[in-house]
There are 2 protein chains.
Amino acid sequence: MAFEQLQLKNQLCHRLYMASNSIARAYREPLAAINLTYPQYVVMMALWQQDQITIAQLIQTTSIDGGAMTQILKKMEDKALLTIVKDQDDKRKRLVKLTHQGQGLKVDAAEVPKQIMCKFSQVDAAQLGQLMQLLDLVVGDLKEN
Amino acid sequence: MAFEQLQLKNQLCHRLYMASNSIARAYREPLAAINLTYPQYVVMMALWQQDQITIAQLIQTTSIDGGAMTQILKKMEDKALLTIVKDQDDKRKRLVKLTHQGQGLKVDAAEVPKQIMCKFSQVDAAQLGQLMQLLDLVVGDLKEN
DNA sequence: ACATTTTAATTTGCATGCAAAGTATTTACA
DNA sequence: TGTAAATACTTTGCATGCAAATTAAAATGT
């Protein structure tokens, strides 16, 4: 029997696993400088894009797990980056809102992507674009069942 | 000031985050059928490729964190998939060895990649190959420094 | 209106990823 | 040779990702 399919080096999943961990690791230092973890940074990016959204919308935008989101938001609220208030129209929902401090962090955060881009020497911008397109296709294929 | 770099939809890291989680999620069911978690599956693939290696070699091959590896191997040993013995030449080292049962699992595991490939409809084999190459470049760039 | 179902969040338990500290051996070096 | 440095693992603490159970509130159906 042929087991090429079980060769680690032929596995897309393992490439993604390594690439995802690698880039998360690369973000760790720059993000630590502004006191954010990676998922917290993703939440901030979502809120800088659109503020005053429900937790469900935040989950939708970020693809972060709901169970994790509760914990992440709690820590971010402790750091006074945002506040969470009940939606008066639908009391099941809770609205997430950036604080002044949370909004201000955007300026410092803008440095983070630049620092990351500096790390790329073998890959050019066109290839990164192509890579993102391919990743979108993969995510799309895996989305529905 | 322009903040395009902080747009979530322009971030490679977020694409990788989603793609990696998506594919890990896709593996969950098929792997549960053979009672393996994803990292455990990676360890098994490494061992099916080369058995009787040290934990350091296993870490090198799989890119799994050392601290996590200890725990993962412990659970796999409990499931009787492998055994761990001290290397008599260098007593710091420990050798990981598949059990008969661990070796036998390879046949069932061979079905897993096939089931995953079935999920891809938008992406063809050539694109998957290209994607893997690009991911290698990214990992390479992020490796040093 | 009332019960059922659906939606929005939180909570809990398990399995990592990762940094940092700790232990046991082995190597290297003065 | 004796001590410092390096190597191979393990342990611990924190932050998720995810599934499953739970709670609260709103929407549906009869």
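To find a chain, count down the sequence lines: A is the first, B the second, and so on, and within it residues start at 1.
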*Asks:* Between C:dA9, D:dC9, D:dA26, which nucleotide gets closest to the side-chain atoms of A:Thr54?
*Replies:*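 Closest of the options to the side chain of A:Thr54: C:dA9.
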*Asks:* For the side chain of A:Lys91, counting heavy atoms from C-beta on, which of D:dG17, D:dT11, D:dA26 is nearest?
*Replies:*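 Ranking D:dG17, D:dT11, D:dA26 by closest atom to the A:Lys91 side chain puts D:dA26 first.
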*Asks:* I need the A:Asp51 CG to A:Thr99 OG1 distance, nearest 0.5 Å.
*Replies:*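 A:Asp51 CG to A:Thr99 OG1: 9.5 Å, rounded to 0.5 Å.
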*Asks:* Could you check how far CD1 of B:Ile64 sits from P of D:dC9, rounded to whole Å?
*Replies:*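 In whole Å, D:dC9 P lies 14 Å from B:Ile64 CD1.
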*Asks:* So if I take every side-chain heavy atom of B:Pro39 and compare against D:dT12, C:dG17, D:dG17, which nucleotide ends up nearest?
*Replies:*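 The answer is C:dG17, which lies nearest to the side chain.
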*Asks:* Measure from the side-chain heavy atoms of B:Lys93 and tell me the nearest of C:dT26, C:dG17, D:dA8.
*Replies:*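 Shortest atom-to-atom distance from the side chain points to D:dA8.
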*Asks:* Whole Å only: how far is the OH atom of B:Tyr27 from the P atom of C:dA15?
*Replies:*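 About 21 Å, once rounded to whole Å.
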*Asks:* To the nearest 0.5 Å, what is the distance between CZ (B:Arg15) and OG (A:Ser20)?
*Replies:*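 Those atoms lie 13.5 Å apart.
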*Asks:* Could you tell me how far apart B:Ile72 (CD1) and C:dG17 (C1') are, to the nearest whole angstrom?
*Replies:*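 About 9 Å, once rounded to whole Å.
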*Asks:* If we ignore hydrogens and angles and just use 3.5 Å, is the side chain of A:Gln127 paired with the main-chain N or O of A:Asp124 as donor and acceptor?
*Replies:*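 Side chain of A:Gln127 to backbone of A:Asp124: a pair is present.
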*Asks:* Just checking A:Asp65: base, sugar-phosphate only, or nothing, at a heavy-atom cut-off of under 4.0 Å?
*Replies:*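 Here A:Asp65 touches the bases of the nucleic acid.
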*Asks:* Scan A:Asn21 against the nucleic acid and name what it touches under 4.0 Å (heavy atoms): base, sugar-phosphate only, or nothing.
*Replies:*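 Here A:Asn21 touches the backbone only, sparing every base.
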*Asks:* A:Ile55 CD1 to D:dT23 P: how many Å, rounded?
*Replies:*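 The answer, rounded to whole Å, is 19 Å.
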*Asks:* Under 4.0 Å from OP1 or OP2 of C:dG17: is there any side-chain N or O of A:Tyr17 that close?
*Replies:*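 Yes, such a contact exists.
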*Asks:* Whole angstrom is fine here: how far is it from CG in B:Leu31 over to C1' in D:dC18?
*Replies:*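 Rounding to the nearest Å, CG of B:Leu31 and C1' of D:dC18 are 15 Å apart.
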*Asks:* Do B:Asn21 and A:Asp65 have side chains that approach each other closer than 4.5 Å (heavy atoms only, starting at C-beta)?
*Replies:*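 SC-SC contact between B:Asn21 and A:Asp65 ruled out.
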*Asks:* Can you tell which of D:dT11, C:dT16, D:dG17 lies closest to the side chain of B:Lys74?
*Replies:*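 Closest nucleotide among those given: D:dT11.
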*Asks:* From C:dT26, D:dC18, C:dA8, pick the nucleotide closest to the side chain of B:Arg92?
*Replies:*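 So the side chain of B:Arg92 is nearest to C:dT26.
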*Asks:* Would A:Glu77 and A:Lys74 satisfy salt bridge (Lys or Arg N to Asp or Glu O under 4.0 Å), going step by step from the backbone distance to the final call?
*Replies:* CA-CA 5 Å; A:Glu77 199 174 16; A:Lys74 201 171 292 178; over 6 Å; no
*Asks:* Just compare C:dT10, D:dT16, D:dA19 and give me whichever is closest to any side-chain atom of A:Gln40.
*Replies:*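 From the listed options, D:dT16 comes nearest.
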*Asks:* Which of these nucleotides, C:dT12, D:dC9, C:dA19, is closest to any side-chain atom of A:Gln71?
*Replies:*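 Of C:dT12, D:dC9, C:dA19, C:dT12 is nearest to the side chain of A:Gln71.
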*Asks:* Taking CG from A:Asp89 and P from C:dT7, how many angstroms apart are they, rounded to a whole number?
*Replies:*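 In whole Å, C:dT7 P lies 19 Å from A:Asp89 CG.
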*Asks:* Could you tell me how far apart A:Arg28 (CZ) and D:dC14 (P) are, to the nearest whole angstrom?
*Replies:*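 Atom-to-atom, A:Arg28 to D:dC14, this comes out as 16 Å.
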*Asks:* Between C:dT16 atom P and B:Ile59 atom CD1, what is the distance in whole Å?
*Replies:*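 Rounded to the whole Å, the gap is 14 Å.
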*Asks:* Which one, D:dT16, C:dG17, D:dC18, comes nearest to the side chain of A:Thr37?
*Replies:*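 Of D:dT16, C:dG17, D:dC18, D:dT16 is nearest to the side chain of A:Thr37.
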*Asks:* Begin from the C-alpha positions of A:Gln40 and A:Lys79 and carry the test side chain to side chain donor-acceptor pair (under 3.5 Å) through to its verdict.
*Replies:* CA-CA 11 Å; A:Gln40 288 171 7; A:Lys79 287 196 276 194; 2.7 Å; yes
*Asks:* If you assign B:Thr70 and B:Ser22 each to the DNA chain D nucleotide with the nearest heavy atom, which residue ends up on the more 5' nucleotide?
*Replies:*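 Closer to the 5' end of DNA chain D: B:Thr70.
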*Asks:* If you pin B:Ser63 and B:Lys75 to their nearest nucleotides in DNA chain C, which one's is more 5'?
*Replies:*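 Result of the comparison: B:Lys75.
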*Asks:* Check whether any side-chain N or O of A:Arg25 sits under 4.0 Å from OP1 or OP2 of C:dC18, and answer yes or no.
*Replies:*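 For A:Arg25, the contact criterion (side-chain N or O under 4.0 Å from OP1 or OP2 of C:dC18) is met.
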